Amino acid sequence: MITIAKTKQLTLIQAITDGMRTMLNEKEEVVVLGEDVGKNGGVFRATDGLQEEFGEKRVFDTPLSEAGIIGSSIGMAINGLFPVAEIQFLGFIYPAYEQIMTHATRMRYRTKGAFTVPLVIRAPYGAGVRAPEIHSDSMEALFTHMPGIKVVCPSNPHDAKGLLISAIEDPDPVLFLEPLRLYRAVRGDVPEEKYEIEIGKGKYLREGDDATVIAWGAMVPVAMKAAEQAADKGISCDVIDLRTLYPIDKAIIAESVQKTGRCVVVHEAPATGGLGNDIISIINDTSFLYMKSPIERVTGADVHVPFWALEEHNIPTPARVTDAIYKVIHF
């Protein structure tokens, strides 16, 4: 007898809420903390209703101190809890950077495995919602550069719940990036029961033979739209959603580019020092002799995210990605 899993239609942010609720129900040691996550349900209402359901001891507000939130969470994690800490925006995480990089990422190494830090740091990121200064940063490469912390970034509701559950179950710290512009953009089928998506595995969203387009988070719909526009011109593309930025899925990247021989990498972070450079290195290391043209990057400019009236000029668009696809095809 085949059992069909029950699903429900959720937005990405609802799927994140559902993932936290699932783990709060399963593990008494899971706690959710951050500024306004309790009484107000968080700035984007990702934790709405959780305090009423699980109580103030498990879902609680903190002072407005990012270093304090993460420092306290590290202590909780070392002492047997599973904290899920919210930083309201990735651009606000910089005061906590020292706590993350000096302590959370090094505790297992420092103690020779005696202590681990099962901490999840939730951080909305990215432009496209016309937020004020600092609210729209996309600086994921600051964290992919440091061993000891995993970095994940879902692009759809199904992956959001599964990756969050995997992150909470992980014995080491995980930065869970949530693309702001996708929070309520689409709905998708999300299983009601607990399920996990393996951290470190990318996913094919579209398959083709002519070029590979690699993206994550909010750039995934942009890449998909560009691939659709290229298909109208007879060009078929693999579109890969990395889902995990560290550790990155080198195998899926090599597999795809060895088939197509052409690649476009898309991210909204600045080009210099961006994760796209690491992806190009992976391709050079694994697949250089398969390449038919130079790799193209479509990224944000090397500037701070502009104020809201100009931010759309900085974010990669389907038209820019399509142009890059044409460029690698016609090299």
Side-chain angles (χ1 to χ4, degrees), residues 140-141 144 150-156 158-160 162-163 166 177 179 182 186 188 196-269 271 273-300 316-331:
E140 58 268 29
T144 60
K150 298 178 176 72
V151 182
V152 301
C153 184
S155 68
N156 60 77
H158 180 272
D159 288 355
L163 284 170
S166 294
L177 297 175
L182 299 185
V186 296
E196 296 183 43
I197 292 176
E198 183 179 356
I199 292 175
K201 295 294 182 182
K203 179 182 180 181
Y204 285 102
L205 299 182
R206 186 183 181 109
E207 296 196 32
D209 297 315
D210 299 320
T212 299
V213 183
I214 300 172
W216 54 91
M219 292 298 98
V220 168
V222 173
M224 288 292 287
K225 182 65 175 179
E228 292 169 9
Q229 293 175 353
D232 293 338
K233 302 292 185 180
I235 301 169
S236 65
C237 296
D238 274 358
V239 177
I240 294 174
D241 180 358
L242 283 182
R243 301 196 293 190
T244 300
L245 308 185
Y246 189 84
I248 200 167
D249 190 346
K250 297 180 181 180
I252 196 172
I253 294 170
E255 178 184 66
S256 179
V257 298
Q258 287 177 17
K259 177 182 67 171
T260 66
R262 304 176 180 92
C263 184
V264 176
V265 183
V266 187
H267 61 70
E268 67 177 282
L275 187 62
N277 301 337
D278 293 293
I279 294 170
I280 292 172
S281 294
I282 290 168
I283 294 170
N284 284 338
D285 290 344
T286 63
S287 313
F288 178 76
L289 296 179
Y290 293 84
M291 301 307 293
K292 302 172 184 176
S293 67
I295 301 161
E296 284 292 314
R297 289 178 300 167
V298 183
T299 72
T317 62
R320 287 177 58 195
V321 178
T322 303
D323 288 344
I325 293 171
Y326 293 160
K327 190 172 181 179
V328 299
I329 291 293
H330 298 298
F331 174 76

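Throughout, numbering of the chain's residues begins at 1 and tracks the sequence. Side chains included, hydrogens not; waters and symmetry mates left out as well; all remaining heavy atoms used. In this text the structure is predicted, and so the values were computed from the model without any measurement.
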*Asks:* Can you tell if the side chain of Asp241 reaches within under 4.5 Å of the side chain of Asp159, non-hydrogen atoms only?
*Replies:*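 Yes, close enough: below the 4.5 Å cut-off.
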*Asks:* If you take all heavy atoms of Ala211 and Val328, which pair is closest and at what distance?
*Replies:*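 Scanning both residues completely, I find the closest heavy atoms to be CB-CG2, 4.3 Å.
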*Asks:* Is there side-chain contact between Pro247 and Lys150, with at least one heavy-atom pair below 4.5 Å?
*Replies:*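 Side chain of Pro247 against side chain of Lys150, heavy atoms only: contact under 4.5 Å found.
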*Asks:* Check whether any side-chain heavy atom of Thr286 lies under 4.5 Å from a side-chain heavy atom of Lys250, and answer yes or no.
*Replies:*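 No, side chains not in contact.
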*Asks:* Given Ile248 and Asp278, is the side-chain contact (heavy atoms from CB on, under 4.5 Å) satisfied, shown in steps?
*Replies:* CA-CA 9 Å; Ile248 200 167; Asp278 293 293; 5.7 Å; no
*Asks:* Mind checking the SG-NE2 spacing from Cys153 to His267? Nearest 0.5 Å is all I need.
*Replies:*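 NE2 of His267 is found 12.5 Å from SG of Cys153.
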*Asks:* Return the minimal non-hydrogen interatomic distance between Gly200 and Asp249, and the atom names on each side.
*Replies:*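 Answer, listing the atom of Gly200 first, then Asp249: O-CB, 3.4 Å.
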*Asks:* For Trp216 and Leu177, run side-chain contact (heavy atoms from CB on, under 4.5 Å): C-alpha distance rounded to whole Å, both residues' side-chain angles, the deciding distance at 0.1 Å, then the answer.
*Replies:* CA-CA 10 Å; Trp216 54 91; Leu177 297 175; over 6 Å; no
*Asks:* Considering all heavy atoms of both residues, which atom of Cys237 and which atom of Ala227 are nearest to each other, and what is their separation?
*Replies:*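 In terms of heavy atoms, the two residues are closest at CB-CB, 4.2 Å.
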*Asks:* Looking only at non-hydrogen atoms, find the nearest pair between Val222 and Pro316 and report the distance.
*Replies:*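 Closest approach of Val222 to Pro316, heavy atoms only: CG1-O, 3.9 Å.
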*Asks:* Hey, does the side chain of Ser236 reach the backbone of Gly208 with a donor-acceptor pair shorter than 3.5 angstrom?
*Replies:*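 Checked: no pair found.
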*Asks:* Taking Glu268 for its side chain and Gly217 for its backbone only, find out whether a donor-acceptor pair lies under 3.5 Å.
*Replies:*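 Pair absent, no side-chain N/O of Glu268 close to backbone of Gly217.
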*Asks:* To the nearest 0.5 Å, how far apart are NE2 in His330 and OG in Ser293?
*Replies:*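 Between atom NE2 of His330 and atom OG of Ser293 there are 11.0 Å.
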*Asks:* Have a look at Asp238 and tell me which of Lys259, Arg262, Arg206 forms a side chain to side chain donor-acceptor pair (under 3.5 Å) with it.
*Replies:*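 Among Lys259, Arg262, Arg206, the one meeting side chain to side chain donor-acceptor pair (under 3.5 Å) with Asp238 is Lys259.
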*Asks:* To the nearest 0.5 Å, how far apart are CE in Met219 and CE in Met224?
*Replies:*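 These two atoms lie 14.0 Å from each other.
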*Asks:* Between Leu242 and Ile253, does the side-chain contact (heavy atoms from CB on, under 4.5 Å) criterion hold? Intermediate values first, please.
*Replies:* CA-CA 9 Å; Leu242 283 182; Ile253 294 170; 4.1 Å; yes
*Asks:* Please report the shortest heavy-atom distance between Pro221 and Leu182, naming the atom on each side.
*Replies:*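 For Pro221 and Leu182, the tightest heavy-atom pair comes out as CG-CD2, 3.8 Å.
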*Asks:* If you define the side chain from C-beta out and look only at heavy atoms, does anything of Ile252 sit under 4.5 Å from Lys203?
*Replies:*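 Contact flag for Ile252/Lys203 side chains = no.
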*Asks:* Can you confirm whether Asn156 sits close enough to Val186 that some side-chain heavy atom of one is under 4.5 Å from a side-chain heavy atom of the other?
*Replies:*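 Counting from C-beta outward, Asn156 and Val186 never come under 4.5 Å.
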*Asks:* Which atoms form the tightest heavy-atom contact between Val264 and Val321, and what is the distance?
*Replies:*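 Here Val264 and Val321 meet closest at CG1-CG1, 4.4 Å.
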*Asks:* Does any non-hydrogen side-chain atom of Pro318 lie less than 4.5 Å from one of Gln229?
*Replies:*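 Counting from C-beta outward, Gln229 and Pro318 do come under 4.5 Å.
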*Asks:* Taking Leu275 as the fixed residue, which of Thr299, Ile280, Val265, Leu245 is the one that meets the side chain to side chain contact (heavy atoms under 4.5 Å, CB included) rule?
*Replies:*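 Of the listed residues Thr299, Ile280, Val265, Leu245, the side chain to side chain contact (heavy atoms under 4.5 Å, CB included) partner of Leu275 is Leu245.
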*Asks:* Is there a donor-acceptor pair closer than 3.5 Å between any side-chain N or O of Arg297 and the backbone N or O of Asn277?
*Replies:*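 No, Arg297 side chain to Asn277 backbone: no donor-acceptor pair under 3.5 Å.
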*Asks:* Before giving the answer on side-chain contact (heavy atoms from CB on, under 4.5 Å), spell out for Tyr204 and Glu255 the whole-Å C-alpha distance, their side-chain angles and the decisive distance to 0.1 Å.
*Replies:* CA-CA 11 Å; Tyr204 285 102; Glu255 178 184 66; 2.7 Å; yes
*Asks:* For the atom pair CD1 (Ile197) and CG (Leu163), what is the distance rounded to the nearest 0.5 Å?
*Replies:*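 If I round to the nearest 0.5 Å, the distance is 4.5 Å.
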*Asks:* Quick one: pull up CD1 in Ile295 and OG in Ser287 and give me the separation to the nearest 0.5 Å.
*Replies:*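 If I round to the nearest 0.5 Å, the distance is 8.5 Å.
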*Asks:* Can you tell me how far the CD1 atom of Ile240 sits from the SG atom of Cys263, to the nearest 0.5 Å?
*Replies:*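 Rounded to the nearest 0.5 Å, the CD1-SG separation comes to 7.5 Å.
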